[in-house]
Structure formats: C-alpha cells, structure tokens
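Only one structure is covered here, and it is reproduced in the block below.
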Amino acid sequence: MNRVCSIFSQLLQFFPRLEFEQAVRETRAERHARGFTCWGQFVAMLFCQLGQARSLREICGGLASCEGKLKHLGVPQAPNKSTLAYANEHRPWQLYQKVFGVLFARCQQAAGTRHRFRFHNPLLSIDGTLIDLCVTMFDWAQYQQGQGAAKLHLVLDHDGYLPRYAVITEGKASEVKIARDLQFAAGTILVFDRGYVDYQWYQRLTASGVFFVTRLRHDAHYQVLKELSVPKNRHILKDEIISLGSHHYRQTAQFRRVEVWLEDRQEVLVLLSNHLGFASTTIAQIYRERWRIEVFFRYLKQNLRIKTFVGTSAHALHIQIWTALIAMLLLKYLQLRPRYGWSLSNLVALLRQQLFVYRDLQAWLDTPFEAPPALTGLHDGQLALQFQLAV
C-alpha cells in the first residue's frame with residue numbers, strides 16, 4: 001500500500017501551516033477574503049512556478065485536472081481564473097516576502113558554510129537585473145520610450161548560493177540607492193560591480209566593519225600611500241594602499257587597489273577593497289565569485305516564470321516574482337539533500353513531470369531513474385506474459 005502523498009504535497013510541507021497562517025495574520029492578507037484562502041492562492045502560484053504554467057488558464061486547468069488529488073494539498077478545489085486574478089491584484093505581496101524569509105532561514109541552516117574560501121566570513125554578492133515588460137500592459141512600469149521594465153535587486157549568499165534578500169522596483173530605480181538602505185552584519189564581505197560607486201557608502205561600510213570588493217572606475221581619483229609586494233606568476237601586477245578622492249575631497253579610510261591581468265581577455269582588471277589583510281590573490285578570487293549572481297539570474301529567468309506574467313498589476317507582478325524566488329530557494333535546498341548530482345535545469349524539468357506522483361520525495365531525489373519498489377519486476381512479468389500468448 002502506498003503510504004506517501006504526492007511529491008507536490010511533500011514540497012508544501014516545507015511551509016508549515018501554522019507559520020503560514022501567522023504570516024497571513026501579520027500582513028492582514030485575508031482581510032476581505034470571501035472563501036478563497038491565501039493558502040489556496042499560494043498553492044496555485046507555486047504550481048505556476050514548479051509546473052511551468054504560462055497563464056491563469058494553465059494554472060487553474062492544471063489543478064482542476066487533478067481534482068481528486070487536491071484535498072491533501074489543503075485546497076478543496078481548483079480556483080477560478082477570475083478568483084485567482086483578483087487575489088493576485090489586491091492581496092499584499094508582503095505575505096510572500098515573509099514566507100521567503102522563513103524558508104531562507106531554514107535553508108541557510110541546512111546549507112551551512114559552503115563557499116570555497118578558507119575564511120569564515122559571510123560572502124554576499126549584490127546586483128540587479130532588468131525584467132522586460134510590455135509598456136502598454138504594464139503602464140505603471142515605464143522604463144524608456146516605448147519600453148517597460150521592472151528591476152530585481154538581489155543579495156546572493158554564497159553559502160549554498162541561496163538568494164538572501166530581494167527588492168523589486170521599477171526599472172529606473174538606482175541600484176546603489178537600494179544598496180544604501182540594506183543592513184549587513186560586521187565581518188560580512190560584499191562583492192559588487194561598478195554600478196555601486198558611492199564613496200560615502202564605502203566609508204559607512206568600512207566604519208561598520210563590513211568589507212567589500214569591487215571594480216575601481218578608470219577615472220577615479222586616488223593617492224597611493226604604500227606599495228605592497230606582489231606574488232610571482234599569479235597575474236597580480238600591482239597591490240597598493242590608497243586613499244580615495246581628489247584634493248577637494250579625500251576620505252580618511254584606507255583602501256586596497258589591486259591590478260589583475262586577465263590572460264583570457266588580455267586586459268587589466270583594477271579592483272578596490274577595504275580589507276587590508278587579505279592577500280591580493282584572495283581579493284581577485286573573491287571578485288571572480290561575483291559571476292555566481294549572474295548565473296543565478298540566468299537560471300531564474302530560464303527555469304522559472306518571471307518573463308511571462310499572469311497579471312498586469314504591480315501586486316500581481318510582485319507576487320509572481322516572490323513566488324519564483326521561493327521556488328528557487330526550494331530547488332536549491334533540494335539540490336543540497338540527495339546523493340544524486342542534480343543540475344538545476346534537470347531538477348526543474350523532471351520535478352514538473354512528477355508533481356502529482358505518489359512517491360517518497362527523498363527516495364526519488366536519490367534515485368530518480370529507478371522504478372518505485374511497488375513497481376519493481378512489474379514490467380518484466382508483463383513482457384513474459386505477452387511472449388507466452390504470442391507463442
């Protein structure tokens with residue numbers, strides 16, 4: 001007898017109902033609800049991401065086709081398209097932000113310290129990516145003439161490469177302005193590109209004990225205070241202690257300026273850091289890790305639904321993006337558990353086909369291409385019977 005529920009139901013167990021209902025009360029998400037619960041909305045939107053549904057019709061139709069299997073999900077019946085659309089347009093997206101925060105804490109504990117450096121400091125990357133929108137449908141998100149866009153500002157934790165924090169804004173929003181409002185614990189190491197140039201922000205980070213590694217602009221004014229020795233045959237051209245600013249404005253903090261020769265691109269990369277103790281090669285390797293957040297954005301856009309939206313309001317867009325981030329956290333956590341070496345794209349593709357299969361989730365993750373124990377030998381017997389009948 002099968003004693004497990006569907007794989008989709010086992011995935012929903014990562015979101016305890018008591019915690020979810022507490023978040024619903026805190027955000028007052030069901031203040032004007034009439035029958036359709038926030039849990040039902042969450043199940044439908046998570047199915048949109050994991051089931052690769054492209055529209056409200058596919059979400060509601062996909063759930064309705066499994067009508068007999070919905071009660072174990074905590075949903076009495078599949079929602080109507082108009083009901084789901086109204087909920088996405090009017091209910092607060094902050095509920096999904098809270099669910100994301102709770103899930104991240106659980107995934108972070110399971111991931112532990114997994115970055116490839118010897119130091120134990122938290123390593124975070126900051127960056128933003130544009131999400132193209134049709135300006136005629138998303139008239140609130142005008143970006144350029146005839147174009148619309150929203151921007152996802154993300155903080156990626158390199159311990160397991162998990163999304164740690166996100167802010168969703170219009171496409172015109174400045175990335176460094178969002179970064180100024182973020183708070184980081186002392187000892188954290190941040191990696192970001194030249195889009196976050198702000199000398200006063202650098203000063204505040206240094207004063208609060210937060211380290212950073214970034215690229216230095218080619219037209220930056222600085223004064224060399226001390227030249228340090230560089231290792232041989234490690235592609236480090238210069239290692240200097242500098243102070244930033246011109247003769248009109250100069251900061252009191254000291255920074256590292258490191259020139260790195262990129263053999264594959266045949267160019268010089270100039271890095272800036274406020275960590276005076278790391279070796280120059282370590283600073284170069286830390287900045288090289290920044291490409292992980294670019295990979296994360298590519299995986300997010302290729303494997304989850306944040307390029308086609310099931311609603312045109314700002315609330316609906318926020319809810320769908322936050323649900324995509326929740327699904328990405330879930331997928332990253334599933335990658336950490338099994339013995340089988342899953343790639344993210346294969347996990348997304350095969351999980352979509354197995355959502356309503358009644359099989360133990362952990363056993364399927366460990367041995368995805370083996371038949372369940374109840375089916376072992378079943379097909380062999382059928383082939384033997386067909387052979388005897390043919391004879």
Does [X] have any salt bridge (Lys or Arg N to Asp or Glu O under 4.0 Å) partners at least two apart in sequence or in another chain, and if so, which?
X    : answer
R17  : E21
E170 : none
E263 : none

Excluding sequence neighbours, so at least two apart, what forms side chain to side chain donor-acceptor pair (under 3.5 Å) with [X]?
X    : answer
Q22  : R25, E26
D366 : Q362
S82  : none

Hey, could you give me each pair passing side-chain hydrogen bond (donor to acceptor under 3.5 Å, both in side chains) that has a residue in residues 146-157? Not counting sequence neighbours.
Q108-D157, H153-T169, D157-R164
Which residues pass the side-chain contact (heavy atoms from CB on, under 4.5 Å) test with R106, sequence neighbours left out?
P16, E19, V102, L103
Under the side-chain contact (heavy atoms from CB on, under 4.5 Å) test, which residues partner A349, sequence neighbours left out?
none
Exercise: do Y161 and E289 side chains pair donor with acceptor under 3.5 Å
yes
Got a list of side-chain donor-acceptor pairs under 3.5 Å for residues 126-141, not counting sequence neighbours?
unit_1, atom_1, unit_2, atom_2, d
D127, OD2, R290, NH1, 3.1
T129, OG1, K301, NZ, 2.8
W140, NE1, T312, O, 2.9

Pairs of donor and acceptor atoms involving the side chains of residues 229-239, under 3.5 Å and at least two apart or interchain, shall be tabulated with distances.
unit_1, atom_1, unit_2, atom_2, d
D239, OD1, R256, NE, 2.9
D239, OD1, R256, NH2, 3.4
D239, OD2, R256, NH2, 3.0

Quickly, which of F42, F100, Y96 forms a ring-ring contact (aromatic ring centres under 6.0 Å, His included) with F20? Name it, please.
F42
Between F212 and the options Y287, W201, Y202, F184, the ring-ring contact (aromatic ring centres under 6.0 Å, His included) test singles out Y202
Honestly curious: do Y199 and L182 fall in one hydrophobic cluster under the side-chain, below-4.5 Å linking rule?
yes
Pairs in or reaching into residues 81-92: which pass salt bridge (Lys or Arg N to Asp or Glu O under 4.0 Å), with residues at least two apart or in two chains?
none
